[in-house]
Amino acid sequence: MTEGLFLFNSRTRKKERFVPIKPGHAGVYSCGPTVYSAQHIGNMRPYLFADLLVRALKAQGLKVTHVINVTDVGHLTDDADAGEDKMEKAAAQSGRRAEEIAAEYTEQWLVDRRRLGIPDPDVLCKATDHIPEQIEMIRQLEAKGATYRISDGIYFDIAKFPRYADLARLDLAQQEGANRIEEVTEKRQSADFALWKFAEKGVQRQQEWDSPWGVGFPGWHIECSAMSTKYLGETFDIHTGGIDHLPVHHSNEIAQSETALGIDRWVNVWMHEEFIDFQGEKMSKSLGNVYILQDLVDSGLLPLSFRYFFLQAHYRKQQTFTDDAMAAADRGYRRLVAQAQALSEDGGVDEQAVASHGAEFRAAMNDDLNAPRALAAATQIVRDESLSPATRRALLTECDAWLGLDLLTAALPQAIQEKDPRIDRLVAARQAARQAKEWAEADRIRDELAAEGVTIEDTPDGPIWRRSEP
RNA sequence: GGCGCCGUAGCCAAGUGGUAAGGCACGGGACUGCAAAUCCCUGAUCCCCGGUUCGAAUCCGGGCGGCGCCUCCA
């Protein structure tokens, strides 16, 4: 009945069966990072989500082209059209070149993605590498009469695009945000946005280019329109991004793309992931309460435990991050992997059982990427004793293609075997006491070590020890 | 003021009309000299009030509470 992948389309506010424009192929564009500083774990949800989507598309047998942009110019600090450029600001503060900063944080972002099991995108495009494309699109808009010039730049006139409010279902007359900020007063409507910003007189920017309108730099929104169109065509399948982008950034993208290209439907499916709530407020660079992946690793957690944490909630719901929830995810992930890897190759693979017992998992994922439900199904498979170990392995291999948790292949770090002769000697002494059945002495040594945070674990191969918490 | 999300067991979180997935913790059990580690078992009628219905966590109305966007932000 419900064959195929169903996705929630923000444009129609409905779950719809995904049908690619070009049979057998799906084009996906994801709004990428602004690389003036480190990406924190909240910033990683969009990429975990996009990866989940890409994996689901591939599981349908589709070939996927995934494009992500890197914003390395033009993203302003305060107002969309009146603040400082974040890249320039970061460069000024650190005394470094903007390109150098962008390269560093782009690389860190890619490394973190890989640690989370996210493959690199097929196309990773930088705004600064596509200035001509952006200028060209602005020229097209100008030719269509959708732009106007004011003292600080070239702007898009949303009055020329009647569908402007459709995506976000905005009531533009009632939007009052503009009243709370210092705005570019020359704009015709407050929702108009900059396409090209002029370099300020007397200010030497690191990043500026010539254009038909004068020296300056592109507005933030135009890069996504220009680059997605370049790599995916004038109409493409799916565009993803944070829910916060829906009313402004994506409304702007649609306005400029559909106007410049002269088309009615630039993107078929818009998908937006919700925020992670960090015990009461969002984590954001602006608020300064950032927490990067390495911080998690430093506290003894596995990167893929964060992926597991992400998979425990649906992407369209705000997810609460707390240290306890993260620790719970870490334990859950380690246990699941240990159980999966403990499965033998015995019993042969029952292909029929693979087809039938994987149904719930596939149905969950195909229902708008319901990862929590799918993860529960995978967990049941690991522990389903009615299936042979080999069959369970086969099922888990299939599940993991969607989940990306490396269930059967992850190398779990064992108890850290530190070198400490003094502790080794005490552990050996306890073991000797145990063998002599001198329990009081053995327990005394164990308590002594416990008091300094060392836990002894007796295994079939003898005792090992580890420090409880760093 | 406008647009939008959410409120389910101690914590995280599925479920959107037929009588509550899963994970973690807690408790119980197995194992152990006792522990640790591991494995097994165990818990909720769904923020409040009213309505619709044979039947609601699930639909409608009204509250209370949390969060996001409208300004850079995933």
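In what follows, every chain begins at residue 1, and chains take the letters A, B, ... in the order their sequences are listed. Only heavy atoms go into these numbers, but all of them, side chains included; no hydrogens, no water, no symmetry mates.
Base pairing analysis places B/A57 opposite nothing; no Watson-Crick or G-U wobble pair with both distances below 3.5 Å involves it. Pairing of B/A37, defined by two Watson-Crick or G-U wobble distances under 3.5 Å, is not identified with any nucleotide. Under the Watson-Crick or G-U wobble criterion, with both distances below 3.5 Å, B/C67 is paired with B/G4. Base pairing analysis places B/G17 opposite nothing; no Watson-Crick or G-U wobble pair with both distances below 3.5 Å involves it.
Between A/Phe306 atom CZ and B/A74 atom P there is a gap of 14 Å when expressed in whole angstrom units. If you measure from atom CG of A/Leu407 to atom P of B/G22, you get 18 Å, rounded to the nearest angstrom. Regarding A/Gln319, its CD atom lies at a distance of 14 Å from the C1' atom of B/C67, rounded to whole Å. The CD atom of A/Glu360 sits 12 Å away from the P atom of B/A21 (whole-angstrom rounding). Taking atom CZ of residue A/Arg331 and atom C1' of nucleotide B/A37, one finds them 14 Å apart after rounding to whole Å. In this entry the distance linking CD of A/Glu441 with P of B/A35 reads 20 Å, nearest Å. Counting to the nearest Å, the P atom of B/A74 and the NE2 atom of A/His250 are 11 Å from each other. Here B/A35 presents its C1' atom at 14 Å from CD of A/Gln431, a figure rounded to the nearest Å.
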Grab the N/O contacts between the protein and nucleotides 27-34 of chain B below 3.5 Å, and write none if there aren't any.
{"from": "B/G33", "atom 1": "O6", "to": "A/Arg434", "atom 2": "NE", "distance (Å)": "3.1"}
{"from": "B/G33", "atom 1": "N1", "to": "A/Asp443", "atom 2": "OD1", "distance (Å)": "3.0"}
{"from": "B/G33", "atom 1": "N2", "to": "A/Asp443", "atom 2": "OD2", "distance (Å)": "2.6"}
{"from": "B/C34", "atom 1": "O2", "to": "A/Arg446", "atom 2": "NH2", "distance (Å)": "2.6"}
{"from": "B/C34", "atom 1": "N3", "to": "A/Arg446", "atom 2": "NH1", "distance (Å)": "2.9"}
{"from": "B/C34", "atom 1": "N3", "to": "A/Arg446", "atom 2": "NH2", "distance (Å)": "3.4"}

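Residue order along RNA chain B, read from the 5' end via each residue's closest nucleotide, puts A/Arg169 first among A/Glu385 and A/Arg169. Heavy-atom distances to RNA chain B give each of A/Ala329 and A/Asp367 a nearest nucleotide, and the one nearer the 5′ end belongs to A/Asp367.
In this model, a side-chain donor or acceptor of A/Gln318 finds a partner on the base of B/C67 within 3.5 Å.
At most 12 heavy atoms of other shown residues, nucleotides or ligands fall within 6.0 angstrom of atom CD in A/Glu385.
Nucleic acid contact for A/Arg13: sugar-phosphate only, since backbone atoms but no base atoms lie under 4.0 Å from a heavy atom of the residue. Among the heavy atoms of the strands, none lies under 4.0 Å from A/Tyr333. In this structure, A/Asn370 reaches the sugar-phosphate backbone alone: every heavy-atom distance under 4.0 Å involves primed, P, OP1 or OP2 atoms, never a base. Nucleic acid contact class of A/His272 (heavy atoms, under 4.0 Å, all strands): none. Base contact: A/Phe278 has a heavy atom under 4.0 Å from a base atom. Counting any heavy atom pair closer than 4.0 Å across all strands shown, A/Leu246 reaches no nucleic acid atom.
In the set B/A13, B/C11, B/A74, the nucleotide with an atom closest to the side chain of A/Asp324 is B/C11. Checking B/C24, B/C70, B/A14 against every side-chain atom of A/Pro372, the shortest atom distance belongs to B/A14. Comparing B/C70, B/G4, B/G23 by their closest approach to the side chain of A/Arg383 singles out B/G23. Counting only heavy atoms from C-beta on, A/Ala376 has its side chain closest to B/A21 among B/A37, B/A21, B/A74. Among B/C40, B/A14, B/C73, the nucleotide with an atom closest to any side-chain atom of A/Asn43 is B/C73. Distances from the side chain of A/Arg466 to the nucleotides B/G23, B/A37, B/A74 place B/A37 closest. Residue A/Lys317 places its side chain closer to B/C6 than to any other of B/U38, B/C6, B/A74. Proximity note for A/Gln312 (side chain, C-beta onward) versus B/G22, B/A74, B/C11: the nearest is B/G22. In the set B/G23, B/A14, B/A37, the nucleotide with an atom closest to the side chain of A/Glu457 is B/A37. Minimum atom distance to the side chain of A/Glu273 is reached by B/A74, of the listed B/A14, B/C12, B/A74.
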Practice problem: Test A/His272 against A/Thr240 for side chain to side chain donor-acceptor pair (under 3.5 Å), laying out the working first. | Solution: CA-CA 6 Å; A/His272 295 92; A/Thr240 75; over 6 Å; no
Exercise. Assess whether side chain to side chain donor-acceptor pair (under 3.5 Å) is satisfied between A/Asp72 and A/Thr128, documenting all intermediate values.
Key: CA-CA 6 Å; A/Asp72 55 356; A/Thr128 54; 2.6 Å; yes
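Spacing between B/C48 and B/A30 at atom C1', rounded to whole Å, works out to 45 Å. Taking atom P on both nucleotides, B/G55 is separated from B/G50 by 16 Å, rounded to a whole Å. A gap of 35 Å separates the P atoms of B/G28 and B/C49, to the nearest Å. A gap of 10 Å separates the C1' atoms of B/A14 and B/U8, to the nearest Å. Taking atom C1' in both B/A37 and B/C47, one finds a spacing of 40 Å when rounded to whole Å. Remark: the separation of the P atoms in B/A56 and B/U52 is 11 Å, to the nearest Å. Atom P of B/G18 sits at a distance of 22 Å from the matching atom of B/G51, rounded to the whole Å. For B/C6 and B/G43, the C1' atoms lie 25 Å apart once the distance is rounded to whole Å.
Side-chain atoms of A/Ser225 do not come within 3.5 Å of backbone N or O of A/Ile222 as any donor-acceptor pair.
A cation-pi arrangement, defined by a distance under 6.0 Å to the six-membered ring centre and an angle within 45 degrees of its axis, is present between A/Arg188 and A/Tyr148.
OP1 or OP2 of B/C24 sits under 4.0 Å from a side-chain N or O of A/Arg335. For the OP1/OP2 pair of B/A13 and a distance below 4.0 Å, the side-chain nitrogens and oxygens of A/Thr320 include at least one atom meeting the criterion.
Aromatic ring pairs are classed by plane angle as parallel below 30°, tilted from 30° to 60° and perpendicular above 60°; the pair A/Phe161 and A/Phe156 is perpendicular.
Between the side-chain ring of A/Phe275 and the base of B/A74, a stacking contact exists by the 5.5 Å and 30° definition.
Under the 6.0 Å cut-off for aromatic ring centres, A/His239 and A/Tyr29 qualify, their centroids lying closer than that.
What you find for A/Tyr333 and A/Ala410 is that their closest heavy atoms are OH-CB, 3.6 Å.
A side-chain N or O of A/Asn69 and one of A/Thr71 form a donor-acceptor pair less than 3.5 Å apart. Using modelled atom types, one finds no donor on one side chain facing an acceptor on the other under 3.5 Å when comparing A/Trp465 with A/Asp420. In the model, A/Gln39 has no side-chain atom that pairs as donor or acceptor with a side-chain atom of A/Asp112 under 3.5 Å.
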